[in-house]
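Encoded as structure tokens, the structure appears first; notes follow it.
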Amino acid sequence: MAVTSRDVAKLAGVSQPTVSRALRGDSKVSDRTRQAVLDAAEALGYVPSEAGRSLVTRQSRRIGVVVSDLTNPFYPYVIAPLHDELESHGYRMMVFTERSDQKMAASQLLTGSIDGAVLLTTVLGSPLPAELRRRGLPFVFLNREAGDGSGDAAVVDNVAGGRMAAHRLAELGHRRIAGIFGPEETSTGRERKLGFIMGLADAGVGLADENILEGPFESETGERGLRQLVDRPTEERPTAVFCGNDVIALGVLNAAMSEGLQVPRDLSVLGFDDIPLASWETFQLSTIGHDLNAMAASAARLLVRRLSPEGRDESAQRVVLEPELIERRTLRDLSSES
């Protein structure tokens, strides 16, 4: 028969409720009693029932992570540090996938199996955050936001990053510049585009309508965009392309190679995010970077705080990371050649 908490209590010489309190770290249990319980549990090979613990504490110690596309290499790099930070606070992580959080019904997250949620791929105007808020499930935005400013969030300053990219390309002497941006219905897509256009305006450089492209944060967006941009006379082609994220930029690099273009001799390419792939010797992609680990860890800490009695009624907290320019081998300095 399976070992129960009553068996542990008998061996440790305490009551069964004391065993439960000791194993969940109740501060009212003395160190001596807690150690006696732990020793007894180890001797008997006792493993606490998660279901039973949830009934007692009304907590599952699980966090749901809502993400729309695990094939995008950006998300695994964020999910790994998110998992580690949540685990350090005693929480397990469950991943909920859906092609869009528009399709993710709140009921899928409100079964009692999770204590809170991390929203990774929220689109602007999504009904999911408002519904979770109405139903009392704590959540935090990570990387993207819904646009209403009503939830905890850990993000990068996308506008500043887009502006930084524009300033650098202008400093390098580029005047025929294109942008392949992310979806307009995402905060990251919209804000990076806005910052880039503002940055070019600061430098007195225009962005022609035919050089503004948008699409999903996928490599195919970069490949299609690059082929569209070079399907014109050489003298009308852009000399530099800013991409809404590194995945789009990698698609641009791939298409440039197939089109016989040399980067950066024929085309400068600048990404956003600095995912680990960007630094691979094969790519050496210049990009607007930020600390993915810090962003993920911040989101986890915000949610853990929100789940605590002290943080339950606090106003929404927002952690904004500063971007930085990381130059590798995909930028050409035209200003030094004139």
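We count residues from 1, following the sequence as given. Predicted model, so just to flag it, every value in this text is computed and none were measured. Worth knowing before you read on, the calculation uses all heavy atoms, side chains too, and leaves out hydrogens, waters and symmetry mates.
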Please list, chain by chain and in numerical order, all residues satisfying salt bridge (charged side-chain N to carboxylate O under 4.0 Å, His left out) with [X], sequence neighbours excluded.
X: E171; result: R168
X: R133; result: D148
X: R134; result: E131
X: E191; result: none

Would you say [Y] ends up clustered with [X] if hydrophobic residues are merged whenever their side chains have heavy atoms under 4.5 Å apart, either directly or through other cluster members?
X: V205; Y: L207; value: yes
X: M93; Y: V140; value: yes
X: I326; Y: M164; value: no
X: V118; Y: V95; value: yes
X: L277; Y: L226; value: yes

Open item on the list: Run V37 and V14 through side-chain contact (heavy atoms from CB on, under 4.5 Å) and show every step you take.
Closed with: CA-CA 8 Å; V37 170; V14 298; 4.0 Å; yes

Open item on the list: Just verifying a value: how many Å separate L200 CG and I177 CD1, rounded to the nearest 0.5 Å?
Closed with: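 If I round to the nearest 0.5 Å, the distance is 5.0 Å.
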
- [ ] Would you give the length of the straight line joining atom CD1 of I248 to atom CG of L213, rounded to the nearest 0.5 angstrom?
- [x]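 Between atom CD1 of I248 and atom CG of L213 there are 10.0 Å.
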
Donor-acceptor pair, distance only, cut-off 3.5 Å: does the side chain of [X] make one with the backbone of [Y]?
X: S279; Y: P276; answer: yes
X: R61; Y: G90; answer: yes
X: T330; Y: P264; answer: no
X: R237; Y: V230; answer: yes
X: S219; Y: V247; answer: no

Let me have the donor-acceptor pairs involving side chains of residues 75-86, under 3.5 Å, with sequence neighbours excluded, atom names and distances please.
residue : atom : partner : partner atom : Å
Y75     : OH   : R144    : NH2          : 3.3
E85     : OE2  : H89     : NE2          : 3.1
E85     : OE2  : R301    : NH1          : 3.4

Kindly indicate whether the side chain of [X], heavy atoms from C-beta on, has any atom under 4.5 Å from the side chain of [Y].
X: L169; Y: L270; answer: yes
X: F141; Y: P129; answer: yes
X: T221; Y: I180; answer: yes
X: F74; Y: N143; answer: yes
X: I212; Y: K193; answer: yes
X: L119; Y: L132; answer: yes
X: V156; Y: F272; answer: yes
X: V155; Y: T188; answer: no

Under a 4.0 Å threshold between the charged nitrogen and the carboxylate oxygen, would [Y] count as salt-bridged to [X]?
X: E235; Y: R176; answer: no
X: R328; Y: D274; answer: yes
X: E218; Y: R224; answer: no

Between [X] and [Y], a side-chain donor and acceptor under 3.5 Å:
X: R305; Y: S308; value: no
X: S5; Y: Q16; value: yes
X: Q35; Y: D39; value: yes
X: N254; Y: E223; value: yes

Minimum heavy-atom separation for [X] to [Y], with atom names?
X: A117; Y: L303; value: O-CD2, 3.7 Å
X: L11; Y: A43; value: CD2-CB, 4.3 Å
X: D115; Y: L307; value: O-CD2, 3.2 Å
X: A153; Y: L302; value: O-CD1, 3.4 Å
X: V319; Y: S298; value: CG1-OG, 3.8 Å
X: E184; Y: L124; value: O-CD1, 3.8 Å

- [ ] Would you sort out whether E337 and R332 count as a salt bridge (charged side-chain N to carboxylate O under 4.0 Å, His left out), showing the intermediate values?
- [x] CA-CA 10 Å; E337 301 171 13; R332 178 181 177 184; 2.7 Å; yes

Open item on the list: Go through it in stages, so that I can follow the logic: the residues are F96 and M94, the test is side-chain contact (heavy atoms from CB on, under 4.5 Å), and I'd like the CA-CA distance, side-chain angles, deciding distance and then a yes or no.
Closed with: CA-CA 7 Å; F96 293 79; M94 297 176 63; 4.1 Å; yes

Task: For P309, side-chain contact (heavy atoms from CB on, under 4.5 Å) partners two or more places apart - done: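 Expected list: R312.
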
Task: Criterion side-chain contact (heavy atoms from CB on, under 4.5 Å) on R92 and E87, from CA distance to verdict - done: CA-CA 6 Å; R92 295 182 181 181; E87 187 176 58; over 6 Å; no

Open item on the list: Apply salt bridge (charged side-chain N to carboxylate O under 4.0 Å, His left out) to residues E281 and R329 and explain how you reach the verdict.
Closed with: CA-CA 10 Å; E281 192 64 26; R329 291 204 302 258; 2.9 Å; yes

Filter on salt bridge (charged side-chain N to carboxylate O under 4.0 Å, His left out), then keep only pairs touching [range], sequence neighbours left out; what's left?
range: residues 254-272; result: R227-E259
range: residues 2-17; result: none
range: residues 200-210; result: R163-D202
range: residues 239-254; result: none

TODO: Indicate the ring-plane relationship of F283 and W280, choosing parallel, tilted or perpendicular according to the 30° and 60° boundaries.
DONE: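 Correct class here is parallel.
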
Open item on the list: Quick check on E42: does its CD atom have over 12 non-hydrogen neighbours (other residues, nucleotides or ligands) under 6.0 Å away?
Closed with: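 It does not: E42 CD has 12 such atoms or fewer within range.
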
Please tabulate, for the side chains in residues 289-296, all donor-acceptor contacts under 3.5 angstrom to protein atoms that are two or more places apart in sequence or on a different chain.
residue : atom : partner : partner atom : Å
H290    : NE2  : D273    : OD1          : 2.9
D291    : OD1  : N293    : N            : 3.1
D291    : OD1  : A294    : N            : 2.9

- [ ] Report the C-alpha separation of L334 and L172 in whole Å, then their side-chain angles, then the decisive distance to 0.1 Å, and conclude whether the side-chain contact (heavy atoms from CB on, under 4.5 Å) test is met.
- [x] CA-CA 6 Å; L334 298 181; L172 293 173; 5.9 Å; no

- [ ] Any chance you could pull the hydrophobic cluster mates of M198, using side-chain heavy atoms under 4.5 angstrom and chaining through other members?
- [x]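 For the cluster that includes M198, the remaining residues are V159, L194.
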
